[in-house]
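Note: hydrogens, waters and symmetry copies are ignored here, and every other heavy atom, side chains too, is used.
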Number of protein chains: 2
Amino acid sequence: MSTILDVARLANVSAMTVSRVINGSARVNEQTRLRVQEVMQQLQFYPNSNARGLVLKETRLLALLISDITNPFFTTLARGAEDEAKRLGYRLIFGNSDENIGKEKEYLEMLLSTRVDGVLIAPSGDDSFENLQLLQNKELPFVIIDRDIPGLSCDKVLGDSLLGTHQIMEHLIAQGHRRIAYLSGSKHISTSRLRLQGYTEVLAKHGLQVDPSLVVETNYKLSGGQEAVQHLLQLTNLPTAIFAANNFLAVGAIKELREHGLRVPDDLSVVCFDDLDLLSDLNPFLTVAAQPSYDFGVKAVELLIDRIGGSATDHRQIVLPPQLIIRRSSRSI
Amino acid sequence: MSTILDVARLANVSAMTVSRVINGSARVNEQTRLRVQEVMQQLQFYPNSNARGLVLKETRLLALLISDITNPFFTTLARGAEDEAKRLGYRLIFGNSDENIGKEKEYLEMLLSTRVDGVLIAPSGDDSFENLQLLQNKELPFVIIDRDIPGLSCDKVLGDSLLGTHQIMEHLIAQGHRRIAYLSGSKHISTSRLRLQGYTEVLAKHGLQVDPSLVVETNYKLSGGQEAVQHLLQLTNLPTAIFAANNFLAVGAIKELREHGLRVPDDLSVVCFDDLDLLSDLNPFLTVAAQPSYDFGVKAVELLIDRIGGSATDHRQIVLPPQLIIRRSSRSI
DNA sequence: TTGTAAGCGTTATCAA
DNA sequence: TTGATAACGCTTACAA
């Protein structure tokens, strides 16, 4: 790989002049500029951003740390983040933490070494607090996405779990459901807790009690949904509807129900938070509170880059609204 | 951020000794080693991989360039690549080229500047040849994934388009279909061409002619599938089955058929290459030739890292077999 | 308008 | 076993 010095020599100028041409950072004689550019072309010269980063203390590298890229919510979010990062001249490193705080920490340390300019993170849970404090200590800008962390002051892009849950629960109740199970993710994740809160609120509003046997805490994975349903099926008095706190839980739940010969929505209605994107195109099946996942990515990158640029002052929080989409997985009883 | 020199000073050693402790690159007195490690801990020191990269000429950064992360085939592939990269101590930058050769080039140049150690790329098409030659000129190791490029000698991880197409077409024919449409991606993409070839071969084997009006060339996007179906629906003699060259085409096609009031598989059968992963868990609908997308990612990273390490000599090609999964989108007539 | 010198944080090399 | 020095490729600050 040729260096700025190779270019300089061939163009009969100093390295500084080449640097100025590359960055347009100062006036350069038109003649020399053309000559330099010609040589750069000829040498197929690409400036070493490693060296550049070393002196400038910026890498133009961002990181996106999510639990699992194969979750459509995060897939689309990643696409949004990548598009926006590219538009603004940044590249994106991505990592999957699998809802695991240890793995999350490993990544964060890797990223600290990489000297990324900033981090977008969907924290694995409240315990991520410590991990994020590390970033704060190191003054590495970050934005948390999708999941809030109590007591942590930082830039945030969140959904509205309460609103979405109200939409979903009111829908189920309007359809005549009274025994509604709630499949929760870990209670150490804000979205799980808020959706439980919303669930309780709506039931109360309609004079209904929470039946503890219908609230199952598991984790935001397909297997979590399957396990939760196995648990529910042991009840003598089955629920008529299941509200899953996220899409993976719902898919796992439906899969498990089918394996036990139960049909959705004939035997049980199933609804959840977060859409399935492509899946919904093919076969609009699941009733969901859909979140604008692409915008989550775009907005988060915007906040992050503002923060990096230093133009941001106070911490900002963006809340993106969910939208109830009624499809075939829920029915009147 | 503290530097190796800060650590050195506090531990009363030279920077070199710290470096040796970090990398385990040479014997260091046990006492000193402990002292240095303690200071590193205390300072929360993370070595600057920028500086490291500058002297070592390696960044431990890989890039994954695909057309669209929201395509389940690539989503899962990305997950496989990221897992394997992480396991081997590499980080992964990702980019979406949207089947666009210009965008692909932009990315590649960005990556050249970033001095990634290697690139995993699903080329946008045969014209990517030039883009990849640039990498070869620059001696930047790369592996092409999923799509072959005629005349290009390099490491490759490919599927078996002919085999998969034979499986699919034999299935349709066994079900009694004779008028089968082929929805092709761009003919400048190897997989499109090979699947067309397989389509022709199987028809011929059964004494059937290719009806040119049933072969529609479009692009590997949802909109491509929609447009292709609009085109087909103008025929007076409709096909009884559609074979879509990839999953996006199939989903787009089905969506469009539904909007015209046609039901799948009642009115038309639809089958395609590549599965829909999560979607298939929820609702096993589409009959497909599924490819082991996760392994595509894992294998590609392995080839790439062998190449980077210099342990690879001749170019290698890995072919991963497809598997026919018969579901409800195709039926006997 | 252009160039020189120093420095960014690390490691290879050679010397002690 | 440890350290001094130079170098990696670039940009900032200053000088010409």
Can you tell me if A:Ser97 uses its side chain to pair, donor with acceptor, with the backbone of A:Glu104 under 3.5 Å?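 No; judged by distance alone, with no hydrogens or angles, the pair does not exist.
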Looking at A:Val21, A:Leu10, A:Val13, which hits side-chain contact (heavy atoms from CB on, under 4.5 Å) with A:Val39?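 In the set A:Val21, A:Leu10, A:Val13, the residue that makes a side-chain contact (heavy atoms from CB on, under 4.5 Å) with A:Val39 is A:Leu10.
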Atom [atom1] of [X] and atom [atom2] of [N]: how far apart are they, to the nearest Å?
X: B:Tyr46; N: C:dG9; atom1: OH; atom2: P; value: 18 Å
X: A:Leu5; N: D:dT11; atom1: CG; atom2: C1'; value: 13 Å
X: A:Ile22; N: D:dC10; atom1: CD1; atom2: C1'; value: 9 Å
X: A:Arg9; N: D:dG9; atom1: CZ; atom2: P; value: 10 Å
X: A:Leu56; N: C:dG7; atom1: CG; atom2: P; value: 17 Å
X: B:Arg35; N: D:dT2; atom1: CZ; atom2: C1'; value: 12 Å
X: B:Arg52; N: D:dG9; atom1: CZ; atom2: P; value: 17 Å
X: A:Asn50; N: C:dT11; atom1: CG; atom2: C1'; value: 14 Å

Under 4.0 Å between a side-chain N or O of [X] and OP1 or OP2 of [N]?
X: A:Thr17; N: C:dT2; value: no
X: A:Lys57; N: C:dG9; value: yes
X: A:Ser14; N: C:dG3; value: yes

First encountered from the 5' end of DNA chain C, between B:Leu54 and B:Ser25: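 Nearest-nucleotide comparison on DNA chain C picks B:Leu54.
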Earlier contact from the 5' end, DNA chain D, for A:Ser19 and B:Met16: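 So the residue in question is B:Met16.
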Earlier contact from the 5' end, DNA chain D, for A:Pro47 and B:Arg33: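 The residue closer to the strand's 5' end, by nearest nucleotide, is B:Arg33.
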So if I take every side-chain heavy atom of [X] and compare against [options], which nucleotide ends up nearest?
X: A:Val28; options: C:dG9, C:dT2, D:dC10; value: C:dT2
X: A:Ile4; options: C:dT11, D:dC10, D:dT2; value: D:dC10
X: B:Asn29; options: C:dT10, D:dT11, D:dT2; value: D:dT2

Compare every heavy atom of A:Phe142 with every heavy atom of A:Leu132, then report the nearest pair and how far apart it is.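 In this case the closest contact between A:Leu132 and A:Phe142 is O-CE2, 3.8 Å.
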Give the minimum heavy-atom separation between B:Leu65 and B:Asn96, together with the two atoms involved.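 Closest approach of B:Leu65 to B:Asn96, heavy atoms only: CD1-N, 4.4 Å.
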Confirm from the modelled atom types if B:Arg20 and D:dG3 form a donor-acceptor pair under 3.5 Å, side chain to base only.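 Yes, a donor-acceptor pair under 3.5 Å.
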Starting from the C-alpha separation in whole Å, work towards a yes-or-no answer on ring pair (Phe, Tyr, Trp, His ring centres under 6.0 Å) for B:Phe73 and B:Phe248. CA-CA 10 Å; B:Phe73 174 74; B:Phe248 266 17; over 10 Å; no
Students often get this wrong, so: under 4.0 angstrom with heavy atoms, is A:Thr32 touching a base, only sugar-phosphate, or nothing?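 Result for A:Thr32 = sugar-phosphate.
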Across the strands shown, which category fits B:Asn23 at heavy-atom distances under 4.0 angstrom: base, sugar-phosphate, nothing?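 Answer is sugar-phosphate: B:Asn23 comes under 4.0 Å of backbone atoms only.
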